[in-house]
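Have a look at the structure below, then the notes.
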Amino acid sequence: MLKTILLLLAMWGATASHALTADEAKAIAIGEADARIEALTKAVIAGDDKTAAFIKALSEDAVKSSGDKVFVIQDGKGFDPVTGAEVALPADAEDVISNNRMRGELDTALAGLKLFSKDDKLRAEAVAILQKDADESKLPLIEKALATEQNPAIKAQLELVRAAALLASSDKAKRLDAARVLTSSRSPATKTLLLERIAAETEPDVKAALAASLREVDAGLAWGDRFGAIFSGISLGSILLLVALGLAITYGLMGVINMAHGELMMIGAYATYVVQGLFRQYAPGAFDWYLVAAVPVSFAAAAAMGAILERGVIRFLYGRPLETLLATWGISLMLMQLVRSVFGAQNVGVENPSWMSGGVVVMGNLQLPWNRIIIIGFAFAVLLGMGFLISRTRLGLFVRGVTQNRPIASCMGVNTARVDTYAFALGSGIAGLAGCALSQIGNVGPDLGQAYIVDSFMVVVLGGVGQLAGTVYAALGLGILNKFIEGWAGAVLAKIAVLVLIVVFIQKRPQGLFAVKGRSAEA
């Protein structure tokens, strides 16, 4: 462990003016908390890799003391924190205990040493940690980092950390200057800090400056919340779009009320789970790419099930929508029970690949998760692929011809039964892709499809039956509207409000956002 720590800290490249001394190690590890923190702060300002390794060992409770000597413990053996050499561990050596306050200071100290890393990401993380616990005692460290920082974005954040530290200064002019600098911050931690300083401030003009800064920070955070709601709405809309695209074919074009559509999504999600298990067992080195392989597998699994349903049940019920509703509802129950019998009734875990983990921070208080961003892109890629298939390919021409006028298409030599199977399999396969995407942001279980089937029908009906553009607008519109109302009234009332708005809209415009034009609309 100690060798690993030293290697990592050497990679950080911490600049040192002198090496850790025995007296410094003793002062950091032994004594009252205030004295230890003071010694820790001084050591960090001029610390080297040995200082960082010792602090790391303290944070992991791997330090013992005996009298005035301190030992770093690794594999039950004692090591000198200054030289790194193995030494005999006295029988009376006791663990060095750090309370919560000291642990917080140790974490902050480690973050401070990261300020001198060559890795921009590590330095940005260190600045974020320091921002949560900035005080005047850390100013020398911050000033030192500012003097060497070359990245403009990190330097700007360091300036904000410096201003936050100056808020506790005894110099009134420094506090006023810090209040002005913090107006550009968009961090929730800055808002909390300003609230604390306003409560403690005694000078009226400084208090007024802090209040003005707080208003600016609040305004910036409010914009972050608004953009967060918009992003959440687009994310929800992209999921609804993926779910509804399959229905746009099976219901919008073919007139089949497929209540098993959600279960076809479930099949796609479980296909992703199976591919994940295969990669974990047979190709663990390529595990990060299991999702790429799961996309065609989930499409094929759901499409195959859809083709079986169409040939075995649905083809006997064309033109009788209520009977298709009842039949597919029964099929949905059978599919759920089949999954319970094979995989169990409990949810199964599907992990994000490493390239879908984490997120990107924008506007200070808004983090956009990579899995959501990638799913939004995936939804629109599926949309473009489906649009091209329907409007630009021979299969799409046959599907449109059969759904608009089956007898004439048959007279022209089109195998309508085969086209029906292809179309239903396509819609089912897209449902499988939706299930693959949903596995990355939620639980995968037998009831997965039940949460989206009603919403997806609402999207298709609101957009206009058979209208691809209407499906897009309806999905994104409902997603964004739902998130904005949810932030104001809560999730349950948001669902009710959106449902009421859809009912009112359909009453006024029964054909949806985009009405079908031409003689087929009048038939």
Side-chain angles (χ1 to χ4, degrees), residues 236-272 275 291-310 314 328 331-332 335 374-393 395-396 398-400 403 419-441 444 448-449 451-461 463 465-476 479:
L236 176 59
S238 67
I239 293 169
L240 291 177
L241 177 61
L242 269 176
V243 177
L245 278 176
L247 276 181
I249 295 177
T250 57
Y251 177 55
L253 292 180
M254 303 179 69
V256 175
I257 303 178
N258 183 15
M259 295 301 292
H261 189 76
E263 281 57 54
L264 293 169
M265 290 166 44
M266 174 193 68
I267 288 173
Y270 272 98
T272 305
V275 171
L291 192 61
V292 176
V295 169
V297 172
S298 60
F299 178 89
M305 180 59 69
I308 293 170
L309 293 181
E310 197 281 334
I314 304 298
T328 54
I331 291 169
S332 72
L335 290 176
I374 292 171
I375 287 173
I376 290 172
F378 178 68
F380 282 95
V382 173
L383 171 66
L384 291 175
M386 179 179 166
F388 177 82
L389 186 66
I390 294 296
S391 62
R392 301 291 182 183
T393 65
L395 174 61
F398 284 173
V399 170
R400 286 182 284 126
T403 54
V419 170
D420 287 337
T421 303
Y422 288 160
F424 199 87
L426 174 62
S428 302
I430 294 173
L433 294 179
C436 179
L438 284 170
S439 70
Q440 301 301 302
I441 58 174
V444 175
L448 170 68
Y452 293 93
I453 186 65
V454 175
D455 288 341
S456 58
F457 271 107
M458 287 196 299
V459 168
V460 173
V461 173
V465 175
Q467 298 298 301
L468 196 58
T471 302
V472 177
Y473 287 118
L476 294 179

* To do: Using the test ring pair (Phe, Tyr, Trp, His ring centres under 6.0 Å), find all partners of Y270 that sit at least two apart in sequence or belong to another chain.
  => F343
* **Closest non-hydrogen atom pair, A244 against V460** => O-CG2, 3.8 Å
* Where do S332 and A260 come nearest, in terms of heavy atoms and distance? -> CB-CA, 3.8 Å
* To do: Could you list the residues that satisfy side-chain contact (heavy atoms from CB on, under 4.5 Å) with I441, not counting sequence neighbours?
  => I239, N371, R372, I375, L438
* L242 versus I430, closest heavy-atom pair with distance -> O-CG2, 3.9 Å
* side-chain contact (heavy atoms from CB on, under 4.5 Å) against L236, all qualifying residues, sequence neighbours excluded -> L240, N482, K483
* Asked: Counting distance only, does the side-chain N/O of H261 pair as donor-acceptor with the main-chain N or O of G449 below 3.5 Å?
  -> no
* **Shortest non-hydrogen contact between A379 and S238, atoms and distance** => CB-O, 3.6 Å
* Asked: Could you give all pairs that pass the side-chain hydrogen bond (donor to acceptor under 3.5 Å, both in side chains) test and reach residues 297-310, with sequence neighbours left out?
  -> E310-Y318, E310-T421
* Do the side chain of T328 and the main chain of I257 share a donor and acceptor less than 3.5 angstrom apart? -> yes
* **Residues which pass ring pair (Phe, Tyr, Trp, His ring centres under 6.0 Å) with Y422, listed by chain and number, not counting sequence neighbours** => none
* **Nearest atoms (heavy-atom pairs only) where T471 meets A248** => OG1-CB, 4.0 Å
* Tell me, please, which residues at least two apart from V297 pass side-chain contact (heavy atoms from CB on, under 4.5 Å). => A271, V275
